[in-house]
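Start at 1 and go down the list; that is how both ligands and their atoms are numbered. Each residue takes its place number in the sequence, starting with 1.
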Amino acid sequence: MPSTSITEEKAALRRVVRARLSAMSPEEREESDGILFRRFLALPEVAAADRVLLFYGMGAEPDTARLIPVLLDMGKQVLLPRCLPGHGLEARRVAEKSVLIRHRYGMLEPGEDCPVVPREAIDLILVPGLCFDRLGYRLGQGGGYYDRYLAGYRGTTVGLCRREVLQEHVPREAHDSRVDLLVTDG
Ligand SMILES: Nc1nc2c(c(=O)[nH]1)N(C=O)[C@@H](CNc1ccc(C(=O)N[C@@H](CCC(=O)O)C(=O)O)cc1)CN2
Ligand SMILES: Nc1ncnc2c1ncn2[C@@H]1O[C@H](COP(=O)(O)OP(=O)(O)OP(=O)(O)O)[C@@H](O)[C@H]1O
């Protein structure tokens with residue numbers, strides 16, 4: 001079991017960060033998204049990647065659905081995560097016309113007709129996070145989906161973090177890994 005105090009610290013930070021993100025106006029978020037996406041798309045690691053696992057942004061997350069057609073036009077294979085029972089994830093390849101299905105958490109996910117792509121074949125993973133610190137440690141939604149999925153992953157991981165919620169230090173446990181590259185709009 002994780003140490004209770006760190007679990008509580010994470011829960012408290014989630015509340016603070018969610019409040020700060022929901023205080024941003026849609027216009028502020030859109031402006032922040034524009035800078036984050038421009039910087040993300042300019043990364044040499046993105047240029048070099050053939051297969052990219054995005055996430056389908058929801059709520060105050062960057063609206064990463066906007067990246068799907070852009071990356072497809074760049075000739076990349078674009079993958080989206082799908083939640084599995086037991087806090088697992090799988091990556092499935094999407095096309096412009098793929099039918100996506102709304103998960104009860106709110107985000108859209110690929111359906112059965114989208115082919116599963118093994119983790120070893122993925123060059124770059126865009127990892128969702130409520131916030132990150134300067135070392136690349138992240139605070140997720142609390143399900144442990146990405147902690148499990150990324151354990152032992154050998155490709156490149158990237159995080160997007162709005163400057164409003166960039167942290168000096170995110171509380172971490174043994175299972176928490178950090179992203180290789182952090183993009184901010186600061
Ligand atoms: N866009 C996006 N997709 C993603 C993630 C993510 O963080 N963002 N995930 C990253 O892991 C996985 C889904 N994990 C999630 C876990 C919890 C909640 C969430 O909102 N939980 C609510 C309670 C909802 C409920 O129990 O019904 C909460 O904690 O308040 C959302 C996503 C896979 N897909
Ligand atoms: N590799 C792992 N194996 C088993 N349990 C894990 C693993 N990683 C995380 N967990 C468990 O998952 C739960 C949630 O962890 P944590 O609060 O770090 O999630 P998170 O990183 O915020 O969520 P997410 O990855 O879904 O965005 C914790 O109870 C943790 O012990």
Side-chain angles (χ1 to χ4, degrees), residues 1-22 24 26 29-30 32-33 36-37 40 52-68 70-71 78-94 98 100-112 114 116-117 119 122 124-133 135-155 157-162 165-167 169-180 182-183:
M1 281 297 283
S3 127
T4 307
S5 63
I6 295 191
T7 307
E8 282 167 3
E9 263 185 75
K10 284 186 176 182
L13 185 57
R14 268 187 205 103
R15 281 194 293 274
V16 170
V17 167
R18 282 182 177 144
R20 200 167 295 169
L21 289 172
S22 47
M24 288 175 74
R29 273 187 227 145
E30 206 178 304
S32 160
D33 284 4
L36 293 171
F37 297 163
F40 173 74
V52 178
L53 174 58
L54 293 178
F55 60 90
Y56 200 103
M58 58 175 166
E61 288 179 335
D63 183 16
T64 47
R66 279 172 51 192
L67 291 169
I68 299 173
V70 179
L71 290 170
V78 176
L79 322 172
L80 286 175
R82 193 166 121 128
C83 292
L84 297 174
H87 298 254
L89 278 186
E90 66 181 9
R92 287 181 181 253
R93 182 177 176 185
V94 296
S98 297
L100 301 175
I101 299 161
R102 193 164 300 277
H103 187 275
R104 64 179 176 85
Y105 287 148
M107 67 284 180
L108 292 176
E109 293 191 329
E112 295 286 340
C114 298
V116 178
V117 176
R119 193 184 68 164
I122 305 173
L124 186 145
I125 298 181
L126 185 65
V127 185
L130 281 169
C131 65
F132 294 80
D133 67 23
L135 292 177
Y137 285 100
R138 62 182 272 279
L139 182 70
Q141 304 276 6
Y145 289 92
Y146 274 88
D147 297 324
R148 287 176 181 79
Y149 193 72
L150 294 175
Y153 174 67
R154 300 170 64 91
T157 54
V158 183
L160 303 176
C161 187
R162 305 196 193 281
V165 294
L166 182 62
Q167 304 295 307
H169 178 80
V170 168
R172 56 187 189 245
E173 297 160 84
H175 62 255
D176 289 314
S177 57
R178 54 182 182 170
V179 291
D180 299 318
L182 184 64
V183 175

Considering the heavy atoms of C83, write down every atom of ligand 1 situated less than 4.0 Å from one of them.
13 (C), 33 (C)
Which atom of V17 lies closest to which atom of L130, heavy atoms considered:
CG1-O, 3.4 Å
If we number the atoms of ligand 1 from 1 as shown, the ones under 4.0 Å from a heavy atom of M107 are 3 (N), 13 (C), 34 (N)
Ligand 2 and A151, any nitrogen or oxygen pair closer than 3.5 angstrom?
no
So, is E61 polar-close to ligand 1, with some N/O to N/O distance under 3.5 Å?
yes
Is there a heavy atom in P128 that sits closer than 4.0 Å to ligand 1?
yes
At a 4.0 Å threshold, what atoms of ligand 1 neighbour a non-hydrogen atom of L89?
33 (C)
Using heavy atoms and a threshold below 4.0 Å, how should the contact between T7 and ligand 2 be classified: side chain, backbone, both, or neither?
neither
Among protein heavy atoms, which sits nearest to atom 20 (O) of ligand 1, and what does the distance come to when rounded to 0.1 Å?
Q141 OE1, 4.2 Å
For R18, the atoms of ligand 1 under 4.0 Å from one of its heavy atoms are 29 (O), 30 (O)
For atom 19 (C) of ligand 1, which of Y149, Y105, Y145 has the closest heavy atom?
Y105
CZ of R93: more than 12 outside heavy atoms within 6.0 angstrom?
no
For atom 22 (C) of ligand 1, state whether the nearest protein heavy atom is under 4.0 Å away.
no
For ligand 2, is there an N or O atom under 3.5 Å from any N or O atom of P128?
no
Closest heavy-atom contact between L80 and P110?
O-CG, 3.6 Å
For R138, is there an ion pair with D147 - N to carboxylate O distance below 4.0 angstrom?
yes
So which of G86, C83, G144, P81 gets nearest to atom 13 (C) of ligand 2, if we judge by its closest heavy atom?
G144
What is the nearest protein non-hydrogen atom to atom 9 (N) of ligand 1, stated with its residue, atom name and distance?
Y146 CE1, 3.8 Å
Heteroatom distance test (R104, ligand 1): nitrogen or oxygen, under 3.5 angstrom:
yes
Tell me the nearest of R14, K10, R148, R138 to atom 7 (C) of ligand 2, using heavy-atom distances.
R148
Report the part of Q141 (side chain from C-beta onward, or backbone N, CA, C, O) that has a heavy atom under 4.0 Å from ligand 2; answer both or neither where that applies.
backbone
Spacing of CZ belonging to R172 relative to OG belonging to S177, to within rounding of 0.5 Å
11.5 Å
